[in-house]
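Working notes, structure below.
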Amino acid sequence: MFRGVLQDISILKDSLDAISSLITEGTFEVSKDGMKLVSMDPASVAMVILNILPTIFLEYNVDKTQNMTVNLSNLVTILKRARASDTLTLELDDNKLKLKMVGDFKRSFSIPLIDSSISEQKIPSLSFKNKIEIEPSALKDGIKDAAMVSDCVIFETSPDTFTIKSLGDTSETKMELTKDSPSLISLQLTDPMESGDIIKSKYSIDYLDKILKGAKSADQISIQFSTDYPLKVKFTAVNRLQLGFILAPRVDTD
Amino acid sequence: MFRGVLQDISILKDSLDAISSLITEGTFEVSKDGMKLVSMDPASVAMVILNILPTIFLEYNVDKTQNMTVNLSNLVTILKRARASDTLTLELDDNKLKLKMVGDFKRSFSIPLIDSSISEQKIPSLSFKNKIEIEPSALKDGIKDAAMVSDCVIFETSPDTFTIKSLGDTSETKMELTKDSPSLISLQLTDPMESGDIIKSKYSIDYLDKILKGAKSADQISIQFSTDYPLKVKFTAVNRLQLGFILAPRVDTD
Amino acid sequence: MFRGVLQDISILKDSLDAISSLITEGTFEVSKDGMKLVSMDPASVAMVILNILPTIFLEYNVDKTQNMTVNLSNLVTILKRARASDTLTLELDDNKLKLKMVGDFKRSFSIPLIDSSISEQKIPSLSFKNKIEIEPSALKDGIKDAAMVSDCVIFETSPDTFTIKSLGDTSETKMELTKDSPSLISLQLTDPMESGDIIKSKYSIDYLDKILKGAKSADQISIQFSTDYPLKVKFTAVNRLQLGFILAPRVDTD
């Protein structure tokens, strides 16, 4: 038995919307600790890690840990039908997820559970050389700039600077945020001993665009990377949910 | 001779816009009682009944009853060119409909009359088991919900409840309005003796979407139906015009 | 060496946006008098004449007159990336145009200079029979009206009236502005002796649409023409730039 009631639907809708641009089916582990989803995109380039905390719910009852696999774009389409003032109830039936929206009138939706074809995903253990907290709009601007001349973006940190750049055949773009930039909230290097080093890695703009759709309701955004190493992007909406993405680097193979 | 002058163009434009999504040519009967149009869509699924009352016009002169057939999408395109403050004059020439818009400057448009290829339409005599007055936004929401899982919607009334639902292969949607819902203005059954019965019929969502485009300027919206029987949708803009649609039911043939 | 710094990017962006819908490459003559561009569209139907005055810049340094050819749509795409509060620096390197935007953070862009394949253009000497100053929105409305029934528009002046009209196979549109219309700022005939004559010429709507994109930041708009003769459209943003277009007439050849 699982039943959850929540009032602010937007954060759930925005997070699942971002995720559904990367993966089509999602398996939630529903337990007393909340609803968790760990999944790899079909091309094995990006991993999604979502934790919906029980504190997001007005009521949250679950008697045993269970898995629930649904088509995410179906789920998002239904969540988008909610009115802002609606209260949403999620309920797990034998083979169905029922969604009830109650406001001016009562609405109910049911979508089938799917037999998950995907085995459980493990979150890889990664060690990063830096951690950047940044205003989402600045990060988006830097990536959009880069998109004009290339399909991938280069992230680079020196001890005092975070740079987003791209190199096209003949054109270039560069955005530089220093510790003075109001948009750069913090910039830390993990190992201050190596602080002279430039840390630099390249990522797909297409994937970053999809990932950044998840930033809408975030209070904080952090990114972490190392040279030619995966990128971790983490959105936190305090007390409500954490949404993380791990994105493989683009490494030039000549 | 026909000449009509009107100041609030929006209601005429919105009504004709809805109608033009169902029928391409429209024959108006222009008489002292106003401008009337009764027409069936090419697939014979929906009938349009429009009465533009003489009271909508500032000036309205017609010396004899006459028919005027025009291409409706041409007419709507021209009406959309009007500025909000413009005064519109409609005038019937030998073989042309002239439209003049006067505001900051003078504009005139003329479109050709068409030889109507369609014989006159009779409004069928129908008897309905119920009558529902409803907020347009609630009706639209219910139909949009249904559109997620099916191409047709089921309308159902019990003595106290109006339900809009749909059944997909594996998914379902349901919106329930009771007499407590602020969006349900009234719900009446025609024959209170049969009040125990469920009245239930199925209609095409595609057609309903087109019909509901006519709701923009409506003060009141009513719908009426019976089990496996046509639906009547009626928009009233008091003292200005009445716009009705009759839509054939979808009956399952197994 | 050329370096220009400017704060209000919008006027430059809007002007180049309009121009880039007509020509793909643009050669600017950069001198102490500002940045000038004179170019013909590939079909030789429209000529673009742009003067960006040194007064638009906060700082403007140029040591010798030089030509700079760039892909205009690349340049416009970059200018569109600017934030409203950004300060833009243009700098000419050996073979690159560098754009720096400084606001909350620093951004830089570089695009390659192109070897211009087009020889210098001369502005033709033309004598017009009239001059009309008009509100851009009225001119746009008249042209949009005409676009419903034809792909070309007829401009016509009599001593007191400016008329924009079009003739389709069966439909017609006409917009009449007299000296009383608030949208018609002024109407002058060059040679009052010939004032009884109707001056009338026909132009491509497709080209006019592109040209009118340049009207966004204009303080004043004037048009000038003669019978079956080119049209001159001129936008002036006082003390900042002048943008002119010369458009060949459509002459019926039967």
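Just so it is clear: chains get the letters A, B, ... in the order the sequence lines come, proteins before strands, and each one is counted from 1.
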To the nearest 0.5 Å, atom CG of Leu99(C) lies from atom OG1 of Thr173(A) at 11.5 Å

A quick test of your reading: do over 12 heavy atoms of other residues, nucleotides or ligands sit less than 6.0 Å from CG of Asp115(C)? no

If one checks every heavy atom of Lys96(C) against chain A at 4.5 Å, the contacting part turns out to be side chain

Looking only at heavy atoms, the pair that brings Arg83(C) and Ser137(A) closest together is NH2-OG, 3.3 Å

So OG of Ser110(C) and CD of Glu172(A): to nearest 0.5 Å the spacing works out to 4.0 Å

Okay, Leu97(C) and chain A: the region with an atom under 4.5 Å from a heavy atom over there is neither

Does a sphere of radius 6.0 Å around NZ in Lys216(C) hold more than 12 heavy atoms from other residues, nucleotides or ligands, not counting ones at 6.0 Å or beyond? no

Check: Side chains of Asp104(C) and Ser181(A): closer than 4.5 Å at any heavy-atom pair?
Finding: no

*Does a side-chain heavy-atom distance below 4.5 Å link Leu184(A) with Phe105(C)?*
no

Should the heavy atoms of other residues, nucleotides or ligands under 6.0 Å from NZ of Lys98(C) be counted, would the total exceed 12?
-> no

Just checking Lys13(C): does its NZ atom have more than 12 heavy atoms from other residues, nucleotides or ligands closer to it than 6.0 angstrom?
yes

When rounded to the nearest 0.5 Å, the distance separating OG1 of Thr163(A) from CZ of Arg107(C) is 13.5 Å

Residues Lys140(A) and Arg81(C): closest non-hydrogen pair is O-NH2, 4.5 Å

Turns out that what part of Asp141(A) lies under 4.5 Å from chain C's heavy atoms comes down to both

